Amino acid sequence: MKDLFSLKGKVALVTGASSGLGVQFAKALARQGADVAICARRVEKLEQVKKEVEALGVKCYAHKCDVLNTEEIRETVKAVESYFGKIDILVNNAGVGDTAPAEDMTDEMWRKVVGTNLDAVYYCAREVGKVMIKNGYGKIVNIGSLHSEVVMSDACWPVAAYAAAKGGVKMLTKALASEWAKKGITVNAIGPAYFDSEMTNAILGSGAFDAVAAAYCPMGRPGKEGELDGALIYFASDASSYTTGQLLCVDGGWTTI
Ligand code: NDP
């Protein structure tokens, strides 16, 4: 049973691994024995994360990548494949949370949020998917959100672009899962509620969050570090060999009411 969740001998690529949840995901994969490639735009932060991942006893390869640039994605995937020889696991995590009331959002803000949170998830899956199809094996874990499923009626912070993108991630997950099911690839998604990170610390520290969590979240609190690890390792390992196309919300019950 313990081996069911082992990632020894596997190679994972985590996008957006210079801060927040991406760092936690890279370390969780390493603790299960996977070698890990990490990418993002801020190379100095990636170098620090690389050291922390290597301290867990696995190999780590860091590569600069702006996921809004498809050429950089192709180049990154090529570099990771040539460094490790394969890519077994992709955690499609890079994302942004820029927000404004729907009536005020600029074209640029809409394109940045949907481009990073949805378009890039597809572009990364497409490029890594080619490697996985060639190898007949792959586990793709897309990072959605509770906003893949719901928004909040009195919009404490507006989420039109973010929810449109994350809702798209849910359907993209199903579509890729269905297309690649017979090619040895599973595609699933995690829908976190609110966890402390660069993206959310202003919201979580604003005081407004407590009232929102009390109204919308049965557990009445944000997620804690480590509470996404179980879902990640399940989807990244052979424990989920017959599970594909699923969005698992890890949200303290937020999407149940
Ligand atoms: P952070 O802001 O801490 O991390 C975002 C990561 O994405 C950074 O590593 C950043 O790296 C990277 N990134 C952003 N834009 C780009 C880009 N154009 N190219 C490459 N990398 C990029 O936020 P979180 O850790 O909170 O977010 C991680 C994921 O989790 C996101 O998809 C987010 O939507 C999702 N999520 C987060 C929740 C939360 O409560 N924290 C809840 C639900 C979902 P760099 O700037 O170095 O490029």
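Just so it is clear, the model here is predicted, and its values are computed rather than measured. Along the sequence shown, the residues carry numbers beginning at 1. Order of appearance sets the numbers: ligands from 1, and atoms from 1 within every ligand.
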inquiry  = Under 3.5 Å, is there a donor on one side chain and an acceptor on the other for Glu44 and Gln48?
reply    = no
message = Ignoring hydrogens and geometry beyond distance, is a side-chain donor-acceptor pair present between Asn142 and Thr173 at under 3.5 Å?
response = yes
NZ/NE/NH1/NH2 to OD/OE distance under 4.0 Å, Asp119 and Arg111 = yes
remark   = Chain-and-number sorted residues having a heavy-atom contact under 4.0 Å with ligand 1 are Gly16, Ala17, Ser18, Ser19, Gly20, Leu21, Ala40, Arg41, Arg42, Cys65, Asp66, Val67, Leu68, Asn93, Ala94, Gly95, Val96, Thr116, Ile143, Gly144, Ser145, Tyr162, Lys166, Pro192, Ala193, Tyr194, Phe195, Ser197, Glu198, Met199, Thr200
ask   = Between Tyr194 and Trp157, is the ring centre distance below 6.0 Å?
value = yes
Check against side-chain hydrogen bond (donor to acceptor under 3.5 Å, both in side chains), Thr243 and Tyr234 = CA-CA 10 Å; Thr243 304; Tyr234 173 62; 2.6 Å; yes
remark   = salt bridge (Lys or Arg N to Asp or Glu O under 4.0 Å) pairs touching residues 187-199, sequence neighbours excluded, are Arg42-Glu198, Lys45-Glu198
